[in-house]
Amino acid sequence: MGIGPDEEVRVADGQTERDIIVCEDVHKWFGQLHVLRGIDLSVRAGEVVVIFGASGSGKSTFIRTINRLEEHQRGEIWVDGIELTNDVRNIAAIRSEIGMVFQSFNLFPHLTVLDNISLAPMRVRKWSRDRAEHVAGELLARVGIPEQAEKYPAQLSGGQQQRVAIARALAMQPKIMLFDEPTSALDPEMINEVLEVMRELAGTGMTMLVVTHEMGFARAVANRMVFFDHGQIVEVGPPAQIFEAPKQERTKQFLSQILH
Amino acid sequence: MTAGMLAPPTTTVGPVEWLRRNLFSSVLNSFVTLLTGAVLVWVVANVGQWALTEARWDVVTRNLRLFLVGQYPGDQAWRLWASLLILSVLSGISAGVFGHTTRVLAISVAAFQALLAAVMVASPVGPWITGGMLVNAALVWVGMVAGHRGLVPRRSLVIAWLVSIPVIFVLIAGVGTTPLPTVGSNVWGGLLLTVLLAVVGIVLSFPLGVLLALGRRSALPGIRFVSTAYIELIRGVPLVTILFMADIMLPFFLPGEIRIDRVTRAMGGITLFSAAYVAENVRGGLQAIPSGQVEAAQALGLRGWHTNRHIVLPQALRSVIPANVGLFISLLKDTTLVAIIGLAELLGIGQSVLAQPESLGAHLEVFAFIGVIFFVICYAMSQASYRLEAALGVGQR
């Protein structure tokens, strides 16, 4: 076996870093459709990985297997030293370590912004209401909308809603954040406010897996980029290499399409 | 005012213009308006004339006690008063605390008692009852002021409502000893029985229906099968059949020493029947929740129970309020079917009143009176539902 879940990797500057996510030969079928065809990917703590590829290439499905919103049918996924199996306790333990931000926000429309954020810490982490709301207030300030705490999601703009969704995920103090096309549903003028929050988050050393087509963001923030095509990883590399000298013909083709 | 900033055009019109636009916009419309108007005037005039001059309302006033409580013993009537008092105070406080959502409830409780007070003046028991009713109605108002001033915390109010149901039940049924001797359910009747059947049916069938709806969508095949089978079985059978089953068949299957009285059996039948329909309404609401809501809850690490309790059910139940209130209104009216198994609820009392020799030929009066009572209660329920929908923002996300 190449990379064990807890194996420590010595990097150049002498720090030890750990693979916080390890995926080995992950397969997934939707009925007859083979959507993930042997994904191998390891992510170190603190790394920002941008995943891109054509729609239908399996990139969203892949990051959804990491917190078990989709079940993989072959291969292994280890998150922070715990293997994802059907064991319900493992799934709950892993989910509470992983925050997720969705394309369509998925805020709870019947709860105020403050309640959206403080619900899970109170119910899962068993925090007191005071503590949960205090943290929620801090997070709202961090994503730049402290004055919206008492509003309902429907009263906010798309960009504000997505920032609340990020705050909601961060309230669980996750070690890893998954972003599933976080800006695709936004009007153009709101994309930057969300990317700005994500950039700030990357600066704090958060481990991030981001499915996105925002290549400017990828170039500026990503440590590595992963190109998906037809359920497989075609190419992995630092942004400089992916943009300037992609090794694979398919990568080159796809980039030329989206970068015109 | 600067250019480009125009005030919206005025939309109000005078009464003459309104008439012309809405009632007399063409020759045909004018004709239809006049015809409908004539029919309306004719109906109102005839009904009014009958109600004011010909109708023998003494059938109602003479038997008012029967209509309201059936054979409930007169010397124990204070227990009903006490129950009404609890209801008045609680609904008054609720109106004060929860604001306009529950104000309809308080207003209808107060109005209903004021109405009874007015009717009672003419009856033999007279001014005592009128006074009591007016005091009760006043207590609604006192409660409202107290609630509004924040003298009662929300949580204890909710607990008080939950506790009030068994308390009222014990008050009415008694516990067999001297301060509260048992009053057998065979003497409960009239409006009292109708309301008890409906309230128990609604309060119990709602949680049961929610559980069945969740069961029908459960991932466990056993639970799913049992829930589905129950719902389909009950929905395939008329309520009358279930009432007969509860009344006649159940005692055969139970061991001899276990006796369940007739009213309890009817309550059980109505509850079990209604639960299946609640379940299907709620299932509709559950299906309307986008899967992203559940995914977001799961991604936060919320377990199944918390996801249902805090995310799915609040949204689903809110969206099915109109359907459920409709169901509960028909449940209230369906309680009249227990007359078939010999219980004297409002309609049953009406029939026994009509059997009195001095009431001969007073069908219209009796049925009109019963109809008005049902209408008032059902109308209050649907108004409360609209208020609730507005307060909870149904239809807007």
Side-chain angles (χ1 to χ4, degrees), chain A residues 60 63-64 66-71 86 88-112 115-126 132 152-155 161 164-174 176-180 185, chain B residues 98-99 101 153-155 158 210 213-214 218-223 282 284-324 385 387-397:
Chain A
S60 285
I63 71 163
R64 286 160 60 89
I66 293 170
N67 66 352
R68 199 72 166 188
L69 287 184
E70 303 288 354
E71 200 176 313
N86 277 325
V88 188
R89 280 163 305 174
N90 276 357
I91 295 173
I94 287 176
R95 278 179 179 156
S96 59
E97 300 299 325
I98 304 178
M100 185 159 195
V101 175
F102 299 85
Q103 179 178 0
S104 49
F105 326 140
N106 293 351
L107 293 177
F108 306 129
H110 61 299
L111 298 178
T112 62
D115 289 339
N116 261 280
I117 300 173
S118 56
L119 176 69
M122 284 166 61
R123 301 298 160 190
V124 180
R125 296 259 189 261
K126 309 290 177 201
Y152 285 87
Q155 295 168 294
Q161 290 192 43
V164 171
I166 294 173
R168 178 177 70 176
L170 290 176
M172 288 294 287
Q173 303 182 324
I176 302 164
M177 286 285 284
L178 307 176
F179 292 85
D180 186 2
Chain B
F98 298 123
T101 316
R154 273 166 182 249
R155 181 174 285 253
V158 173
V210 171
L214 291 175
S218 166
L220 306 171
I223 293 179
V282 171
L286 292 174
Q287 275 170 347
I289 305 294
S291 60
Q293 291 287 308
V294 177
E295 285 177 357
Q298 286 176 338
L300 287 165
L302 288 166
R303 300 289 186 101
W305 160 245
H306 281 138
T307 304
N308 273 331
R309 161 81 182 76
H310 296 288
I311 307 302
V312 177
L313 280 179
Q315 296 183 58
L317 295 182
R318 193 169 295 199
S319 67
V320 298
I321 289 172
N324 268 346
S385 147
R387 292 291 184 92
L388 199 61
E389 285 164 36
L392 296 177
V394 177
Q396 52 195 11
R397 282 168 67 94

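Both backbone and side-chain heavy atoms feed into the values below; hydrogens, waters and symmetry mates do not. This one's a predicted model, so the numbers in the text were calculated from it and none came from an experiment. Chain naming here is simple, since letters A, B, ... match the order of the sequence lines and numbering starts at 1 in each.
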## Note on the structure
Of all heavy-atom pairs linking B:A296 and A:F102, the shortest is CA-CE1, 3.7 Å
### Query
For A:A120 and B:L300, which heavy atoms make the closest approach, and how far apart are they?
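Heavy atoms of A:A120 and B:L300 come nearest at CB-CB, 3.8 Å.
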### Task
State which residues pass salt bridge (charged side-chain N to carboxylate O under 4.0 Å, His left out) with B:E295; sequence neighbours excluded, sorted by chain then number.
A:R64
### Most contacts with chain B, counted as non-hydrogen pairs under 4.5 angstrom, among A:R123, A:E97, A:M100, A:M172
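Most heavy-atom pairs within the cutoff with chain B belong to A:R123.
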## Note on the structure
Assert top hit (heavy-atom pairs under 4.5 Å, partner chain B, pool A:N67, A:L111, A:L119) equals A:L119
### Task
Check for a donor-acceptor pair, side chain of B:Q293 on one end and backbone N or O of A:L107 on the other, with a separation under 3.5 Å.
yes
### Task
For the pair A:N106 (side chain) and B:G292 (backbone), establish whether a donor and an acceptor sit closer than 3.5 Å, ignoring hydrogens and angles.
yes
### Which atoms of B:H310 approach chain A - backbone, side chain, both or neither, heavy atom under 4.5 Å
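Contact with chain A: backbone and side chain both.
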### Message
For B:R303, which atoms come within 4.5 Å of any heavy atom of chain A: side chain, backbone, both, or neither?
### Response
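Contact with chain A involves the side chain of B:R303 alone.
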### Query
Rounded to the nearest 0.5 Å, what separation is found between the CZ atom of A:F108 and the OG1 atom of B:T307?
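Taking CZ in A:F108 and OG1 in B:T307, the distance rounds to 7.5 Å.
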#### Entry: Inter-residue atom distance B:I311.CD1 - A:H110.NE2, 0.5 Å rounding
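B:I311 CD1 to A:H110 NE2: 4.5 Å, rounded to 0.5 Å.
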### Query
What part of A:L69 gets closer than 4.5 Å to chain B, counting heavy atoms only: side chain, backbone, both or neither?
side chain
